[in-house]
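Working notes, structure below.
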Amino acid sequence: MAKIAMITGASAGIGEACAEIFAKNGYNLILSARRYGRLEKLSKRLSNDYGILIQIMEVDVQDKEDVINNWDKLPEEWRHVDVLINNAGLSLGLEPIYNGEIDDWDKMIDTNIKGLLYVSRMVIPGMKENKFGHIINIGSIAGKEVYPNGNVYCATKHAVDALSKSMRIDLLPYSVKVTVLHPGAVETEFSVVRFKGDAGRAKKVYEGFDPLLANDIADAAWYAVSRPQHVNINEMLIMPTSQANSVFFNKESN
Ligand code: NAP
């Protein structure tokens with residue numbers, strides 16, 4: 001069987017772009033997200049275009065039981081994953097700490113930190129057994145610095161950065177590679193989710209400059225995975241040319 005890549009949050013944005021590039025390179029895929037219809041459509045297209053095998057998983061990574069049950073349902077031969085892309089994640093709201101919605105905080109922590117841990121806990125034992133594997137965690141510029149009103153989202157992405165470093169140490173004896181990708185602004189559904197469906201406000205985030213595209217991050221994931229076995233890319237901080245850090249942009253209107 002061809003190598004297997006498991007991608008969380010494959011129904012949109014960066015996860016969907018990663019699915020495309022790994023499919024193009026002959027990987028069989030496990031694609032997961034909550035929106036099953038989108039996964040089904042993507043899976044049909046990728047298996048037609050690239051002749052690969054795909055398992056789709058309708059899962060909410062916040063829900064430990066859901067993650068475990070879906071993993072247990074996978075056929076045995078699919079449980080030795082070569083590449084895990086921990087991409088499912090979100091930001092909700094952009095409020096100072098004294099105004100933040102506690103439910104939003106819970107969802108970000110449960111998805112970005114706990115969800116990543118639940119999925120990793122399912123996949124890592126197979127990699128350890130094989131003494132082979134590569135985990136790509138999708139962090140953020142928000143995991144390297146903090147920005148006004150980013151508080152809890154930034155904290156979750158700092159946790160992803162810390163977990164990536166920890167994983168690298170714990171998995172060292174088993175030759176499992178760990179890479180964390182930290183993107184700046186990428187135009188996906190991310191801001192529509194952050195602003196709870198307010199497409200107008202979301203669009204403004206990307207006005208006046210060229211943001212990154214989901215494919216730019218998928219390219220970086222593929223670059224990391226396609227290095228020789230003795231090379232690990234520990235991390236990459238990938239920014240639009242017009243973005244210096246999380247607050248300074250070179251926008252046309254400036
Ligand atoms: P996106 O277009 O909104 O995609 C997010 C993906 O995560 C969707 O497939 C969504 O699928 C999935 N997801 C969210 N909550 C989930 C849950 N509870 N269970 C399972 N899947 C869930 O956003 P994106 O920009 O591609 O984001 C991907 C990753 O990149 C995130 O970790 C984000 O924090 C990070 N990132 C994004 C940017 C940016 O500017 N866009 C910058 C830095 C880092 P369903 O809704 O179908 O479940």
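Indexing begins at 1, ligand by ligand and atom by atom, following the structure's order.
Note on ligand 1: A214 sits outside its first shell, no heavy atom being nearer than 4.0 Å. At a 4.0 Å cut-off, not a single heavy atom of E16 sits close enough to ligand 1 to count as contact. Put simply, part of G184 is less than 4.0 Å from ligand 1, judged by heavy atoms. Close to ligand 1: G139, with a non-hydrogen atom less than 4.0 angstrom away.
For ligand 1, the atoms closer than 4.0 angstrom to any heavy atom of T111 are 15 (N), 16 (C), 18 (N). Under a 4.0 Å criterion applied to the non-hydrogen atoms of A185, ligand 1 contributes the atoms 40 (O). Contact atoms of ligand 1 toward D60: 17 (C), 18 (N), 19 (N) (distance under 4.0 Å to a heavy atom of the residue). When each atom of ligand 1 is checked for a heavy atom of I14 under 4.0 Å away, the hits are 25 (O), 26 (O), 30 (O). When each atom of ligand 1 is checked for a heavy atom of V59 under 4.0 Å away, the hits are 19 (N), 20 (C). Against a heavy-atom cut-off of under 4.0 Å, G13 is close to the following atoms of ligand 1: 2 (O), 26 (O).
For the residue pair Q62 and Y118, no side-chain donor N or O sits within less than 3.5 Å of a side-chain acceptor on the partner. Using modelled atom types and a 3.5 Å distance limit, the side chains of H182 and D161 yield a donor-acceptor pair. With hydrogens and angles left out, the side-chain atoms of N112 and T156 include a donor and acceptor closer than 3.5 Å. In summary, the side chains of R38 and S11 do not present any donor paired with an acceptor at a separation below 3.5 Å, with no hydrogens or angles considered.
Annotation: cation-pi pair R227/Y223 present, NZ/CZ under 6.0 Å from the ring centroid and within 45° of its normal.
Minimum interatomic distance between E145 and S246 (heavy atoms only, all atoms of both residues): OE2-OG, 2.5 Å.
Listed for the H158 side chain is a donor-acceptor partner under 3.5 Å among the backbone atoms of A142. With hydrogens and angles disregarded, no donor-acceptor distance shorter than 3.5 Å links the side chain of N87 to the backbone of I138. Remark: side-chain polar atoms of D66 are paired, donor with acceptor, to backbone N or O of D60 under 3.5 angstrom.
Under 4.0 angstrom from ligand 1, the non-hydrogen atoms of Y153 all belong to its side chain. Counting heavy atoms closer than 4.0 Å to ligand 1, residue K157 contributes side-chain atoms (C-beta onward) but none from N, CA, C or O. Residue contacts with ligand 1, taken as heavy atom pairs separated by less than 4.0 Å, involve N87 via backbone and side-chain atoms alike.
Aromatic rings from Y153 and F190 are positioned such that their centres are separated by under 6.0 Å.
Relative to atom 35 (C) of ligand 1, the option among L213, I141, I138 with the closest non-hydrogen atom is I138.
Between V186 and ligand 1, a contact under 3.5 Å exists for at least one N or O pair. In terms of polar-atom proximity, S140 is not counted as a contact of ligand 1, lacking any N or O under 3.5 Å from an N or O of the ligand. Taking any N or O of V193, backbone or side chain, none lies under 3.5 Å from an N or O belonging to ligand 1.
Of all protein heavy atoms, the one lying nearest to atom 21 (N) of ligand 1 is A88 CB, 3.6 Å. Looking from atom 2 (O) of ligand 1 to the surrounding protein, the closest heavy atom is E189 N, 3.2 Å. The nearest heavy-atom contact from the protein to atom 4 (O) of ligand 1 is A12 CB, 3.9 Å. Protein heavy atom nearest atom 10 (C) of ligand 1, with residue, atom name and distance: S11 OG, 3.8 Å.
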Check your understanding: Taking it one step at a time, do K41 and E16 satisfy salt bridge (Lys or Arg N to Asp or Glu O under 4.0 Å)?
Key -> CA-CA 11 Å; K41 218 170 136 192; E16 184 176 350; over 6 Å; no

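For the atom pair D63 CG and D110 CG, the distance stands at 10.0 Å (nearest 0.5 Å).
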